[in-house]
Amino acid sequence: MSSERSAIILAAGLGTRMKSSKPKMLHEMLGRPLLGHVLQATRAVGPDLRIVVVGAAADQVTAFLDEAAPDAQTVLQAEQLGTGHAVRTALDAYPDLEGTVIVACGDTPLLRSDSLAELVEVHEKTRQAVTVLTAEVDDPTGFGRIVRDSDGNVLRNVEHRDADLSELAIREINSGTYAFDAKILREQLAKLDSANDQGEQYLTDVLELAREAGHPIGAVVVDDPTEVLGCNDRAQLASLRRIMQRRINTELMKSGVTMEDPETTWIDATVKVAPDVLFHPGVQLKGATAVDSGAEIGPDTTLTDTIVGANAVVVRSHADQAHIGQGAHVGPFAHLRAASKLAEDAKVGAFVETKNADIGRGAKANHLAYLGDATVGANANIGCGVITANYDGVRKHHTEIGEAAFIGCDSVLVAPVSVGDGAYVAAGSTIVKDVEPGDLGVARARQAALEGWVAKKRAGTISDEAARRAKDEAGVSEA
Ligand code: UD1
Ligand code: CA
């Protein structure tokens with residue numbers, strides 16, 4: 001297969017310092033695994049082909065790619081003999097590859113697509129053999145250093161552990177992201193040895209080799225040095241996540257979103273937020289969540305794969321795969337589980353749990369209710385303590401509540417059952433038969449009074465005394 005522009009993403013390392021059964025690349029950071037962010041950045045420069053080099057835990061990485069980037073090809077690097085060896089393995093699998101080859105590391109999730117685009121543009125315009133993306137950092141520890149001559153021309157890269165004292169002082173580092181000419185890359189990779197401190201084949205040696213073979217090489221320096229930060233352990237994962245959080249929040253605030261406390265507002269890179277949304281402190285928005293304008297979210301709210309309509313309000317609540325309609329009100333302390341759908345202006349209040357429930361326009365369940373496998377008609381009123389008993393121990397059943405129906409407090413609707421349009425259910429009822437439109441369903445024992453029971457059975461208690469006082473007072477006022 002021949003290609004004008006392709007990307008190779010190195011993801012064969014396990015990342016032992018993560019101390020994890022999961023490969024480093026698959027650790028999650030604001031909506032995507034580390035590798036997912038790099039894939040997203042490379043997608044933006046429009047390569048004809050994307051190759052991911054897998055090795056350690058290849059099955060897990062491949063499973064992720066099948067799901068998240070089915071167009072990406074994988075190449076197995078059975079033994080991790082170095083970054084140069086990894087690229088060579090990829091090129092060997094695609095012997096006809098031509099044009100520009102972008103190489104990026106799967107563990108640098110903060111790399112911006114704009115920087116990658118600039119790298120490719122400079123590379124292709126200057127017709128350099130190699131263009132490396134570099135950064136000026138305060139602490140270059142662990143990174144390869146970019147060695148330049150007195151005119152500023154790039155000479156080579158030297159790895160931290162192979163560097164001498166003067167090279168260690170260099171603050172321009174190799175990001176691990178490059179654009180190569182495919183043909184020259186292939187030629188130079190064939191010359192790589194592993195005569196270095198790690199005994200590995202270093203991709204970085206291609207810079208010097210290409211230059212010595214008479215090819216022009218160069219660098220593009222990124223403006224924002226955080227873009228090149230890699231992730232080696234979980235402390236770094238946390239600090240990268242913090243940087244990405246600030247980036248996402250800054251973008252959103254610039255676009256017209258208000259955040260009372262950006263530091264406690266965690267919005268996945270995959271989430272969409274319209275202008276004029278207001279976030280109170282302590283909000284997490286995950287996955288495919290989308291929030292329309294004028295909505296107010298938080299404090300202390302987690303929404304996953306949830307759609308929030310314009311001007312809806314969600315207070316101290318938890319929702320997963322829910323659809324909250326325009327102007328609807330949720331919480332405080334509501335739990336909307338999968339396939340909960342609140343139509344416009346519906347209201348779900350404190351300690352109400354919903355699941356697979358279709359709640360009609362303007363319907364209300366203000367306190368302490370469970371609505372599961374249910375349809376609630378427009379403007380229906382669900383009293384405090386109402387339960388749809390949807391599970392018979394074996395199967396789930398549906399409850400249908402009609403438009404403007406009124407379900408009295410503490411009622412149990414034993415599914416399958418329906419309450420018709422405009423029907424009432426008396427408080428404390430256990431409804432097992434359908435209630436027809438306009439009827440009142442009552443299903444509870446009649447109240448009886450055992451006269452003087454306390455005086456007989458609880459004589460001398462404070463209840464008895466209180467009752468006597470009440471009777472005396474009543475006696476005085478009657479007289
Ligand atoms: C590499 C660069 C260094 C640069 C740094 C930026 C080399 C020799 N050094 O160092 O100059 O400053 O990145 O982060 O390239 N990988 C494979 N197969 C292998 C070895 C590595 O796929 O055989 C993958 C790793 O999974 C990782 C990436 O390549 O995603 C970089 O490898 P790593 O070992 O982390 O290189 P660094 O030491 O960070
Ligand atoms: Ca690294």
Side-chain angles (χ1 to χ4, degrees), residues 27-32 37 40 109-110 112 224 226-227 229 234-337 340-354 359 364-368:
H27 280 258
E28 200 268 351
M29 196 174 101
L30 288 169
R32 295 187 188 108
H37 287 288
Q40 188 69 21
L110 297 177
R112 282 190 171 92
D224 174 6
T226 65
E227 282 191 49
L229 293 176
R234 296 191 203 221
Q236 283 173 352
L237 180 63
S239 53
L240 296 198
R241 183 181 283 121
R242 177 66 79 185
I243 293 167
M244 182 165 280
Q245 175 211 29
R246 288 181 178 152
R247 257 195 212 175
I248 291 170
N249 289 355
T250 302
E251 284 292 312
L252 286 173
M253 288 187 281
K254 280 186 183 162
S255 76
V257 171
T258 299
M259 292 183 186
E260 289 180 341
D261 184 11
E263 291 288 289
T264 62
T265 304
W266 294 90
I267 300 186
D268 281 359
T270 46
V271 166
K272 293 190 167 53
V273 185
D276 277 328
V277 167
L278 165 60
F279 291 114
H280 297 293
V283 170
Q284 273 183 301
L285 300 188
K286 294 162 163 281
T289 295
V291 184
D292 208 344
S293 64
E296 189 178 330
I297 315 280
D300 304 331
T301 292
T302 299
L303 307 180
T304 305
D305 300 335
T306 289
I307 308 298
V308 182
N311 303 314
V313 176
V314 185
V315 187
R316 283 188 213 281
S317 290
H318 194 97
D320 194 349
Q321 298 167 60
H323 192 126
I324 299 167
Q326 187 176 328
H329 196 290
V330 176
F333 308 110
H335 184 191
L336 309 184
R337 292 163 54 202
S340 293
K341 195 160 182 286
L342 276 60
E344 208 174 319
D345 300 326
K347 202 162 173 235
V348 166
F351 304 105
V352 173
E353 177 175 328
T354 66
I359 298 172
K364 291 186 178 67
N366 276 338
H367 0 250
L368 299 153

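Because the structure is predicted, anything quoted here is derived from the model rather than measured.
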Is the shortest side-chain heavy-atom distance between L240 and H37 below 4.5 Å? no
Donor-acceptor list for residues 270-280 side chains, cut-off 3.5 Å, not counting sequence neighbours:
unit_1 : atom_1 : unit_2 : atom_2 : d
T270   : OG1    : G287   : O      : 2.8
H280   : ND1    : E260   : OE1    : 2.7
H280   : ND1    : E260   : OE2    : 3.1
H280   : NE2    : E296   : OE2    : 2.8

Considering only heavy atoms from C-beta outward, does the side chain of R247 approach that of D224 to under 4.5 Å? yes
Minimum heavy-atom distance M253-P262, with the two atoms named: CE-CG, 3.8 Å
Rounded to the nearest 0.5 Å, the CD atom of E353 sits from the CG atom of L368 at a distance of 12.0 Å
Is there a side-chain contact between V291 and V257 in this structure, where contact means two heavy atoms from C-beta onward sitting under 4.5 Å apart? no
Gap between atom NZ of K347 and atom CG of N366 - 0.5 Å precision: 4.0 Å
Side chains of M244 and W266, heavy atoms from C-beta outward: is any pair under 4.5 Å? no
Taking only residues at least two apart or on different chains, which pairs with a member in residues 288-311 satisfy ring-ring contact (aromatic ring centres under 6.0 Å, His included)? none
Ignoring hydrogens and angles, tell me if any N or O in the side chain of R246 forms a donor-acceptor pair with the backbone of E263 under 3.5 Å. no
Report yes if some heavy atom in the side chain of L110 is under 4.5 Å from a heavy atom in the side chain of M29; otherwise report no. yes
Say whether, by atom type as modelled, one donor and one acceptor occur between the side chain of Q284 and the main chain of T304 under 3.5 angstrom. no
What I'd like to find out is whether the side chain of L30 reaches to under 4.5 Å of the side chain of I248, using heavy atoms alone. yes
Distance, nearest 0.5 Å, that separates CD1 of I297 from CE of M259: 11.5 Å
With rounding to the nearest 0.5 angstrom, report the CG to CG distance, L303 to D268. 11.0 Å
Anything under 3.5 Å between a donor and an acceptor, one on a side chain of residues 307-334, the other on a protein residue two or more places apart or in another chain? List them.
unit_1 : atom_1 : unit_2 : atom_2 : d
R316   : NH1    : D300   : OD2    : 2.6
S317   : OG     : V315   : O      : 2.8
S317   : OG     : A334   : N      : 3.0

